[in-house]
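For reference, the structure discussed in these notes is given below.
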Amino acid sequence: MPELPEVETVRRQLGPKLEGQTVESIEVYSEKQTDSDHEYEASLIGKKFSNIKRIGKLLIFSFYNESNLFLLGHLKMTGQLLFMHRGQVITAGGHTMSESDLELPNRHTRIQFNLKSGDTLFFNDLRKFGYLKIANLEEVKSVKSKYGPEPIDPDFDCGYFYQTISKSSQPIKALLLDQSKFAGLGNIYVDEALFRAKVLPMRSANEITKAESLLLCKDTGDVMRESIAVGGTTFRNFTDTNGEEGNFKDYLRVFGKQGQPCPNCGTMINKIKLRGRGTHFCPGCQK
DNA sequence: CGGATTGTTCTTCC
DNA sequence: CGGAAGAACAATCC
């Protein structure tokens with residue numbers, strides 16, 4: 001379940017590998033995930049990748065000498081971007097995995113970019129929910145405008161945070177998941193941040209005290225920054241561009257820990273369904 | 001084999 | 001008109 005830290009991990013790894021690479025040909029195995037009115041191959045073949053930016057969980061690919069051409073990439077729940085260097089995937093540990101080990105392309109490969117260098121970029125997605133679609137500048141601007149500020153931003157304003165949550169009677173968890181208010185949090189990091197701030201996920205947002213709000217504001221940023229530092233979280237399907245798992249799974253305190261003792265107080269971690277989402281919390285120390 | 005899984009958008013309702 | 005809440009979507013796992 002890629003959230004901001006997982007998408008940022010992919011962005012940091014893929015950016016330097018793709019920069020300056022020219023698209024030679026494209027294989028589209030799943031038409032709907034290009035989700036585009038534009039001619040996909042005609043628009044992209046011969047184009048040279050420049051930088052990759054990110055807002056929330058959305059990746060924005062740019063191209064040299066193209067001010068009106070972008071690729072918008074969303075991994076949704078099970079998307080992966082895998083980079084193959086001359087037939088081999090090189091892991092962070094320096095080991096090489098052969099093409100046959102990863103079997104790329106495989107039955108989950110939805111889009112494949114063959115690059116002039118001989119390198120290949122694979123977009124894999126077990127469920128066909130993510131996309132890699134073409135957008136022009138106007139569309140990019142429009143999409144960007146729908147996202148709120150990011151808690152990992154050094155300038156993230158905890159005054160704005162408090163003002164925003166104090167206007168709503170929704171459960172605090174629902175507000176934290178609203179990408180138009182705060183960008184990047186998903187189910188895992190919301191549960192973890194609420195645990196750290198000792199706030200119950202079902203509390204009405206407008207009943208959160210200012211002191212609790214300050215803690216929660218800080219913890220949303222902290223938990224995602226700490227995760228980025230260790231390559232994100234792999235709970236089920238996420239891998240980085242080398243097919244490797246993220247290490248923040250070893251630091252989760254409540255997500256997936258139902259039935260286990262709370263690391264703070266020893267109370268059993270509870271799991272409920274809140275607004276249709278699996279929700280983990282400690283009934284002992286979260287208030 | 002029914003239910004759970006989640007990010008986002010769509011639909012419905014008030 | 002807008003907020004709130006559930007359904008839909010996809011494809012697998014348990």
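A quick note: this is a predicted structure, and the numbers were derived from the prediction, not measured. Chain identifiers are assigned alphabetically (A, B, ...) following the order of the sequence lines, protein sequences preceding nucleic acid strands; residue numbering begins at 1 within each chain.
- Using a 4.0 Å cut-off between charged nitrogen and carboxylate oxygen, A:Asp191 and A:Arg253 do not count as a salt-bridge pair.
- Contact between the side-chain N/O atoms of A:Lys146 and the OP1/OP2 oxygens of B:dG7 is not found at any separation under 4.0 Å.
- One can place NE2 of A:His108 at 6 Å from P of C:dT12, the figure rounded to the nearest angstrom.
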Margin query: Test side-chain hydrogen bond (donor to acceptor under 3.5 Å, both in side chains) on A:Thr209 and A:Glu212; report intermediate values, then the result.
Written below: CA-CA 5 Å; A:Thr209 67; A:Glu212 287 172 328; 3.3 Å; yes

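- In terms of phosphate contacts, A:Gln179 brings a side-chain nitrogen or oxygen within less than 4.0 Å of OP1 or OP2 of B:dT8.
- The CG-P distance, from A:Leu126 to B:dA4, rounds to 20 Å in whole Å.
- Counting non-hydrogen atoms under 4.0 angstrom, A:Lys271 reaches the backbone sugars and phosphates but no base.
- Out of B:dT5, C:dA10, B:dG7, the shortest distance to the side chain of A:Arg277 is found at B:dG7.
- Which of C:dT12, B:dT5, B:dG7 sits closest to the side chain of A:Arg127 comes down to B:dT5.
- A sub-4.0 Å separation between OP1 or OP2 of B:dG7 and a side-chain N or O of A:His74 is absent.
- Of the candidates C:dA4, B:dG7, B:dT5, C:dA4 carries the atom nearest the A:Ser168 side chain, counting heavy atoms from C-beta on.
- We find that CD of A:Gln80 is positioned 14 Å from P of C:dT12, with the value rounded to whole Å.
- Note on ring orientation: taking the six-membered ring where Trp is involved, the planes of A:Phe182 and A:Tyr160 are perpendicular (angle over 60°, cut-offs 30° and 60°).
- Listed nucleotides B:dG7, C:dT12, C:dA10 differ in distance to A:Asn187; the shortest reach to its side chain belongs to B:dG7.
- Set against C:dT12, B:dA4, C:dA4, the side chain of A:Lys273 has B:dA4 as its closest nucleotide.
- Phosphate contact (OP1/OP2 of C:dA10, side-chain N/O of A:Lys76, threshold under 4.0 Å): absent.
- No side-chain donor from either of A:Asn206 and A:Ser166 sits under 3.5 Å from a side-chain acceptor of the other.
- Per the geometry, NZ belonging to A:Lys181 stands 7 Å off P belonging to C:dA4, to the nearest Å.
- A donor and an acceptor atom never sit less than 3.5 Å apart when one is taken from the side chain of A:Arg275 and the other from the base of B:dT8.
- A:Gly130 comes within 4.0 angstrom of no nucleic acid atom, judged by non-hydrogen atoms across all strands.
- Rounded to a whole Å, the CD1 atom of A:Ile55 is 15 Å from the C1' atom of B:dT8.
- When distances run from any side-chain atom of A:Gln170 to the nucleotides B:dG7, C:dA10, C:dA4, the shortest one goes to C:dA4.
- Salt-bridge check for A:Glu138 with A:Lys141: failed, with every basic side-chain N at 4.0 Å or more from each acidic carboxylate O.
- Each of A:Arg107 and A:Pro171 was assigned the nucleotide of DNA chain C with the nearest heavy atom; the assignment lying further toward the 5' end belongs to A:Pro171.
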